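Bear in mind that the values here come from a model prediction, so they are computed numbers and not experimental data. By convention in this document, chain letters (A, B, ...) are assigned in the order of the sequence lines, proteins followed by strands, and residues within each chain are numbered from 1.
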Amino acid sequence: MDDKYFAKKIEQKWQKIWAETGAFHAEVDDEKPKFYALEMLPYPSGNLHMGHVRNYSAGDALAWYKRLRGFNVLHPIGWDSFGQPAEDAAVKRGVNPREWTEANIVSMRGQLQRLGLSYDWRRQMYAHRPEYYKFDQWFFLKMYEMGLAYKKQTQVNWCSHDQATLSNEQASGGLCWRCGNPVTKKDLEQWFLKTTAYTDELLDDMTEIESGWPASVIKRQQDWMGRSYGAYVDFEISASGESLFACPIVDGITSTTDLGKKRVRVFTTRIDTIFGANAIVLAAEHPVIQANMDNFAEDVAAKIAYIRTENAKPADHEVEIEKDGIDTGLKALNPFSNEEIPVWVGNYVMMGYGTGAVMSVPAHDERDFEFARKFGLPVKTVIVSEPPASAGGNQEACSLTSDTADKVELGSTLTPPAYAGGSDGVLINSGVWSGMTSEEAKASMTEYAVKYFFGEAATTYRLRDWGISRQRFWGSPIPIVYCDDCGTVPEKFENLPVELPETAPFTGTGESPLAKVPEFYETTCPKCDGPARRETDTMDTFVDSSWYFFRYSDATNEILPFDPAIAAYWMPVDQYIGGDDHAVMHLIYARFWTKVMRDLELIPFGEPFKRLLTQGMVVGETFFDDSSGKRIYFPPDKVEVERDSKGKITSATAVGLGGGTADADRSVRTPLKYAIERMSKSKGNGVDPDEMVEAYGADAARLFVMFAAPIDNELVWNEAGIEGAVRFIQRVWRLVHRWNELLRTTYEGAPPAETAASRKLRQKTHQTIERVTDSLESLQFNTPVAALMELSNAISDFPVEPQHAAAEEIFAVREALTALTLMLTPFAPHVAEEFYSILVGNEDGLIANNARFPEFDPELAKADEIEFPIQVNGKLRSRITASPEISNEDLERLTFADAKVKEITDGKEIVKVIIVPKRLVNIVVR
RNA sequence: GCCGAGGUGGCGAAAUGGUAUACGCACUAGUCUUAGGAACUAGCGUCGAAAGACAUGCGAGUUCGAGUCUCGCCCUCGGCACCA
């Protein structure tokens with residue numbers, strides 16, 4: 001053993017041994033319990049960043065911990081290697097996306113290997129290789145057979161910056177998830193996967209996983225899928241005056257009655273408020289509105305057109321959009337009250353949700369209220385919080401106090417109008433339903449609507465089907481062929497994979513590059529063998545990440561995505577770790593895909609991830625100039641920063657970025673904005689993990705990242721602390737070195753009698769084992785490191801020199817150092833291996849030696865003396881040292897014998913004495 | 001606006017309702033060194049000479065006892081954004 005700790009030497013040594021012995025190769029073993037530890041796979045950008053290091057360090061710590069607990073651990077890694085950056089590089093720099101991607105993987109794999117992560121590298125999957133995407137296509141065809149994949153013309157989310165189609169999830173908030181630019185709408189033919197077929201299951205099955213998932217992720221998925229229970233109600237529509245009107249029949253939105261009356265369907269969750277409806281409000285994109293643009297009065301048509309263009313504009317979320325709309329002149333008949341009410345177009349009604357038509361009930365819906373107030377529409381209260389005083393009978397005539405405490409003259413229009421609140425209550429002014437509770441009325445009125453054929457109970461969802469078509473080259477081709485004779489024909493399974501050509505003309509214009517490659521799209525029809533054309537769109541890359549974790553279980557299967565028998569052993573994933581930015585995209589798609597696989601009978605379960613841990617972002621300071629409308633980032637070394645006494649930035653100025661001479665440069669000063677943002681190379685606030693490993697070693701870097709903050713906290717990067725991690729490892733190194741010669745001594749049978757020093761150390765050792773075990777079981781990674789530091793300090797403080805140590809003392813130190821080594825393994829595996837090799841006298845490694853995590857002995861962990869704080873009226877006044885087993889009587893006697901206690905309680909009445917066993921004494925005096 | 005998480009030393013952070021600030025960073029003094037940005041020792045919430053008092057965003061409450069539980073505010077961060 002070297003006198004000093006040389007990180008690089010130790011790390012290279014053990015990485016070599018691990019690779020040569022296949023230490024982390026996992027195989028099915030029915031004798032052992034399995035554990036599948038998984039971290040979200042990286043996109044191979046070419047550079048690892050600290051966020052990756054945090055994610056993978058946590059996953060690796062868990063994998064090591066479970067191995068040492070005797071589990072058969074599957075811990076794989078792979079590459080999310082399809083996607084836009086490769087294509088961007090092709091457009092901008094003319095490189096081949098495949099070569100670019102492969103080169104990036106090589107360099108990133110090197111970075112991961114230098115971190116010493118314990119992966120079974122044999123199981124790598126590469127999304128961009130035909131061996132993998134063949135099965136994206138395989139699944140697509142299966143879904144096509146199941147009716148889960150379909151094509152339709154639709155308005156898609158379009159990012160003009162990236163020139164890309166986005167799914168709803170990717171366009172969340174009206175901004176592109178990748179570049180943050182506003183999203184617009186564009187008409188395109190798109191392939192969809194029917195995620196909506198599983199919405200109820202995706203929601204209801206959350207009960208299976210909610211104990212293992214962060215509540216926030218569960219909540220966000222629920223909100224995203226947005227299930228609401230309500231009813232559809234059909235309103236007859238008619239034109240007033242001379243104007244004709246058109247009513248195209250759109251399934252689920254419009255219809256005609258047997259008598260040929262035209263009807264528009266609205267969705268409401270509050271059918272009980274229908275007697276308060278003052279209008280029907282349609283989206284500007286509603287088919288009935290679209291079809292009648294020529295029939296409307298000029299000003300009406302102009303207004304509608306205006307609203308429609310406004311709607312197509314990217315939304316600015318900082319500004320609340322003012323309610324706008326116009327009365328179309330059409331009339332609707334309230335099927336409950338037979339009241340004729342106007343049909344409006346409103347900018348607050350979205351075509352994409354429900355039926356694109358709502359009934360406006362201003363008294364009980366804030367948006368409708370705002371709308372009614374703006375346009376002077378009547379507001380009629382139909383729900384009150386308490387039943388009317390004269391219970392029973394018809395209460396139309398009595399006066400009531402509404403929710404807002406305004407005096408309400410029933411049945412009349414209010415001036416000024418008052419908002420009565422959106423909560424459930426008791427119905428008034430609602431015909432035969434008056435007097436019912438909202439709950440009763442909802443059921444009864446829905447039943448009534450069904451009976452008379454103008455409505456039904458309905459559940460709507462916010463979640464839409466998943467649009468997977470991308471006009472991109474660097475993705476999995478959609479295995480569909482278009483034949484003039486046979487129409488849309490799925491490719492045959494035996495013809496998979498539909499391989500990407502070597503290259504294509506990359507223009508970045510948003511058209512599919514594959515459409516310009518005849519060798520690719522010219523094909524024969526799988527059905528009639530006639531000439532046909534391939535689909536030239538490729539799949540969204542979230543397809544790849546929806547099932548990759550199944551592929552790891554059987555990574556080289558050429559027939560199937562994976563062998564169901566092998567997956568049955570490894571799956572589901574026991575612990576998944578990744579960023580919570582994937583809460584609604586990846587994690588919904590992966591859950592959806594799993595349910596599809598279950599229905600394909602590949603697997604017998606429907607939830608892929610038993611437990612999920614979302615680690616916080618690693619962030620750093622950024623400096624940028626956004627005066628041009630786009631953020632231009634400046635590297636920190638080009639920025640002068642002023643800070644307040646707390647280290648917070650107060651101003652930042654860019655220097656030396658002018659075009660001229662050095663002196664001229666210095667005079668060019670641009671004031672910058674600053675922020676704390678997720679680390680990335682493009683923002684100039686990234687720390688290169690390779691540099692960290694080079695300077696401090698992988699073990700120290702990993703240990704520090706785990707120690708610095710709780711895993712789910714945001715971590716503001718501060719390099720200063722990492723030296724503490726190096727010092728800690730060096731301290732342990734010196735300890736092992738100091739006791740080295742004596743550690744070989746082993747004892748058969750029971751440990752020898754104990755001295756005070758050895759007993760105290762053993763106590764600390766076992767207390768630490770308990771703490772570290774509990775922490776790791778609950779996925780805390782910062783506190784166990786602190787506990788290990790304490791143990792190492794305790795060994796350092798051991799009051800006996802090695803050369804004077806008695807056998808029992810050597811035993812205690814050996815036990816402590818062995819436990820420390822094993823518990824250090826999850827955080828700093830290389831140096832732990834080195835210590836372990838000294839303890840066992842061979843270099844076969846922890847796994848070959850079948851090393852086990854230390855077990856704690858409660859007897860040894862128990863302290864023989866503890867300090868009891870003595871409080872008087874809850875204030876700490878003194879301390880007494882006694883056995884934790886001391887009787888309450890003895891403890892009370894000792895307490896009152898204490899000089900300090902005597903002084904304070906002297907002359908006061910003792911009201912009571914509270915003794916919490918093994919904790920404290922509190923004397924209450926008056 | 002709605003939902004969620006959180007506010008503890010100079011900083012990252014610990015604390016089953018029971019000694020607040022463990023562990024680490026930074027800092028201060030010292031020891032050893034030709035030297036130290038190494039190692040070791042000691043100190044380190046605020047006020048105070050001390051005794052002690054006051055300290056977990058602010059204000060109430062429950063309790064023998066509250067960082068922790070309840071209620072009301074304030075602030076920060078994240079998510080959602082007219083979802084009928």
Side-chain angles (χ1 to χ4, degrees), chain A residues 4 172-174 214-220 222-224 226-228 230 266-270 273 281 283 315 317-318 320-323 346-350 352-361 364-368 370-371 422 460-463 580-581 583-584 616-617 619 645-647 676 703-704 707-710 712-725 727-728 730-731 734 771 774 780 782-793 796 866-879 911-916 918-925:
Chain A
K4 280 178 129 183
S172 174
S216 63
V217 175
I218 295 279
K219 181 75 169 46
R220 280 176 63 190
Q222 281 168 343
D223 289 350
W224 186 261
R227 176 163 59 188
S228 44
V266 305
F267 175 72
T268 178
T269 56
R270 293 301 304 276
T273 65
V281 187
H317 289 290
E318 304 305 311
E320 200 178 325
I321 300 158
E322 207 191 324
K323 296 272 180 300
N347 66 343
Y348 70 105
V349 178
M350 300 181 299
Y353 184 79
T355 58
V358 303
M359 61 183 204
S360 169
V361 186
H364 303 290
D365 182 286
E366 279 189 61
R367 295 154 302 176
D368 295 339
E370 209 185 305
F371 193 69
T460 59
Y461 304 90
R462 200 186 109 108
L463 184 78
D580 77 344
D581 39 341
V584 293
M617 284 191 290
V619 297
S645 57
K646 289 198 165 190
I676 290 189
L703 184 97
F704 174 65
F707 174 66
D712 44 1
N713 273 27
E714 183 173 88
L715 175 59
V716 181
W717 187 250
N718 171 13
E719 195 141 339
I722 191 171
E723 293 184 22
R727 278 202 280 270
F728 166 61
Q730 283 172 337
R731 252 193 325 268
R734 282 196 299 272
R771 276 175 70 187
D774 289 351
Q780 288 176 277
N782 57 330
T783 47
V785 176
L788 294 179
M789 287 173 170
E790 283 186 45
L791 179 58
S792 127
N793 291 346
S796 297
I866 57 171
E867 199 178 63
F868 286 88
I870 309 299
Q871 300 179 337
V872 176
N873 287 348
K875 285 195 188 242
L876 180 70
R877 293 301 178 186
S878 185
R879 300 168 217 267
V911 180
K912 69 172 149 175
V913 178
I914 291 147
I915 294 177
V916 184
K918 296 181 190 174
R919 279 291 178 184
L920 57 43
V921 180
N922 187 12
I923 304 163
V924 185
V925 299

J.: Identify each atom pair where a protein N or O and an N or O of nucleotides 51-53 of chain B are less than 3.5 Å apart, giving names and distance.
T.:
residue, atom, partner, partner atom, Å
B/G52, OP1, A/Lys900, NZ, 2.5
B/A53, OP1, A/Arg877, NH1, 3.2
B/A53, OP1, A/Arg877, NH2, 3.4

J.: Indicate, with a heavy-atom threshold strictly under 4.0 Å, whether A/Asn782 touches base, sugar-phosphate, or nothing.
T.: sugar-phosphate
J.: Pick the C1' atom in B/A39 and in B/U76, then give their distance to the nearest Å.
T.: 41 Å
J.: Specify the separation, in whole Å, of atom OH of A/Tyr348 and atom P of B/C82.
T.: 13 Å
J.: Can you work out whether A/Ser216 or A/Tyr461 has the more 5'-proximal nearest nucleotide on RNA chain B?
T.: A/Ser216
J.: What's the closest nucleotide to the side chain of A/Asn793 if the choices are B/G18, B/A84, B/C23?
T.: B/C23
J.: Can you give the dot-bracket line for RNA chain B, using ( ) for pairs inside the strand, [ ] for pairs that cross earlier ones, | for pairs with another strand and . for unpaired bases, where Watson-Crick and G-U count if both distances are under 3.5 Å?
T.: (((((((..(((.....[....))).(((((.......))))).(((....)))..(((((..]....))))))))))))....
J.: Using the ring of A/Phe371 (Phe, Tyr or Trp, six-membered ring only), decide whether A/Lys323 places NZ or CZ under 6.0 Å from its centre and within 45 degrees of its axis.
T.: no
J.: B/C80 P sits how many Å from A/Gln222 CD, rounded?
T.: 16 Å
J.: Do nucleotides 25-46 of chain B as a string where each nucleotide becomes B, S or -: B if the base has a protein heavy atom under 4.0 Å, S if just the sugar-phosphate does, - if no protein is that close.
T.: SS------------SS------
J.: What pairs with A/Glu790 under salt bridge (charged side-chain N to carboxylate O under 4.0 Å, His left out), at least two apart in sequence or on another chain?
T.: A/Lys764, A/Arg771
J.: Taking any heavy-atom pair under 4.0 Å as a contact, classify A/Asp580: base, sugar-phosphate, or nothing.
T.: nothing
J.: Any donor and acceptor pair, going by atom type alone, linking the side chain of A/Asn873 with main-chain N or O of A/Val925 inside 3.5 Å?
T.: yes
J.: Can you identify which nucleotide, out of B/A84, B/G12, B/A13, has its nearest atom closest to the A/Asn713 side chain?
T.: B/A13
J.: Rounded to the nearest 0.5 Å, what separation is found between the NZ atom of A/Lys912 and the CD1 atom of A/Ile923?
T.: 13.5 Å
J.: Quick one: pull up CG in A/Asp368 and CE in A/Met359 and give me the separation to the nearest 0.5 Å.
T.: 8.5 Å
J.: Check the distance between B/A84's C1' and A/Lys323's NZ and give it to me in whole angstrom.
T.: 11 Å
J.: Looking only at atom C1', what distance separates B/C32 and B/C77, rounded to whole Å?
T.: 48 Å
J.: Quickly work out the A/Asp712 CG to B/G78 C1' distance and round it to whole Å.
T.: 13 Å
J.: What's the gap between B/G10 and B/G18 when it is taken at their P atoms, as a whole Å value?
T.: 25 Å
J.: Could you tell me how far B/G17 sits from B/U56 if I compare only their C1' atoms? Round to whole Å.
T.: 15 Å
J.: Do A/Val924 and A/Val913 have side chains that approach each other closer than 4.5 Å (heavy atoms only, starting at C-beta)?
T.: no
J.: Quick one: label A/Val349 by what it contacts on the DNA or RNA (base, sugar-phosphate, nothing), any heavy atom closer than 4.0 Å.
T.: base
J.: Quick check on RNA chain B: between A/Asp223 and A/Glu322, whose nearest nucleotide comes earlier from the 5' end?
T.: A/Asp223
J.: Less than 4.5 Å apart, any side-chain heavy atom of A/Val358 and any of A/Arg367?
T.: no
J.: Assign A/Met789 to base, sugar-phosphate, or nothing according to its heavy-atom contacts below 4.0 angstrom with the strands shown.
T.: sugar-phosphate
J.: Say we look at B/C75 and B/U41: how far apart would their C1' atoms be, to the nearest angstrom?
T.: 43 Å
J.: Counting side-chain heavy atoms from C-beta on, which of B/G24, B/C82, B/A22 comes nearest to A/Ala786?
T.: B/A22
J.: Expressed as a whole number of Å, how far does the P atom of B/G67 sit from that of B/A15?
T.: 16 Å
J.: Give me the distance, rounded to whole Å, that separates B/U68 from B/G30 when you measure between the P atoms they each carry.
T.: 42 Å
J.: Please classify the nucleic acid contact of A/Asp368 as base, sugar-phosphate, or nothing, using heavy-atom distances under 4.0 Å.
T.: nothing
J.: Nearest to the side chain of A/Glu790 - B/A15, B/A84, B/A22?
T.: B/A22
J.: Describe the nucleic acid contact of A/Arg367 in one word from base, sugar-phosphate, nothing, applying a heavy-atom distance below 4.0 Å.
T.: base
J.: Ignoring the backbone of A/Asn347, work out which of B/C23, B/C82, B/G12 is nearest its side chain.
T.: B/C82
J.: Could I get the full list of side chain to side chain contact (heavy atoms under 4.5 Å, CB included) partners for A/Glu719, not counting sequence neighbours?
T.: A/Val687, A/Met692, A/Tyr696, A/Trp717, A/Ile722
J.: Set out, line by line, the N/O atom pairs under 3.5 Å between protein and nucleotides 59-66 of chain B.
T.:
residue, atom, partner, partner atom, Å
B/C64, O2', A/Asn922, ND2, 3.4
B/C64, O2, A/Asn922, ND2, 2.4

J.: What's the gap between B/A14 and B/C23 when it is taken at their C1' atoms, as a whole Å value?
T.: 8 Å
J.: Quickly work out the A/Lys219 NZ to B/G78 P distance and round it to whole Å.
T.: 18 Å
J.: When the distance from CG of A/Leu703 to P of B/C23 is rounded to whole Å, what number comes out?
T.: 16 Å
J.: Look at A/Arg462 and B/A81 and indicate whether a side-chain polar atom (N or O) is within less than 4.0 Å of OP1 or OP2.
T.: yes
J.: Categorize A/Glu370 for me: base, sugar-phosphate, or nothing, with a 4.0 angstrom heavy-atom threshold over every strand shown.
T.: nothing
J.: Is there side-chain contact between A/Tyr348 and A/Val281, with at least one heavy-atom pair below 4.5 Å?
T.: yes
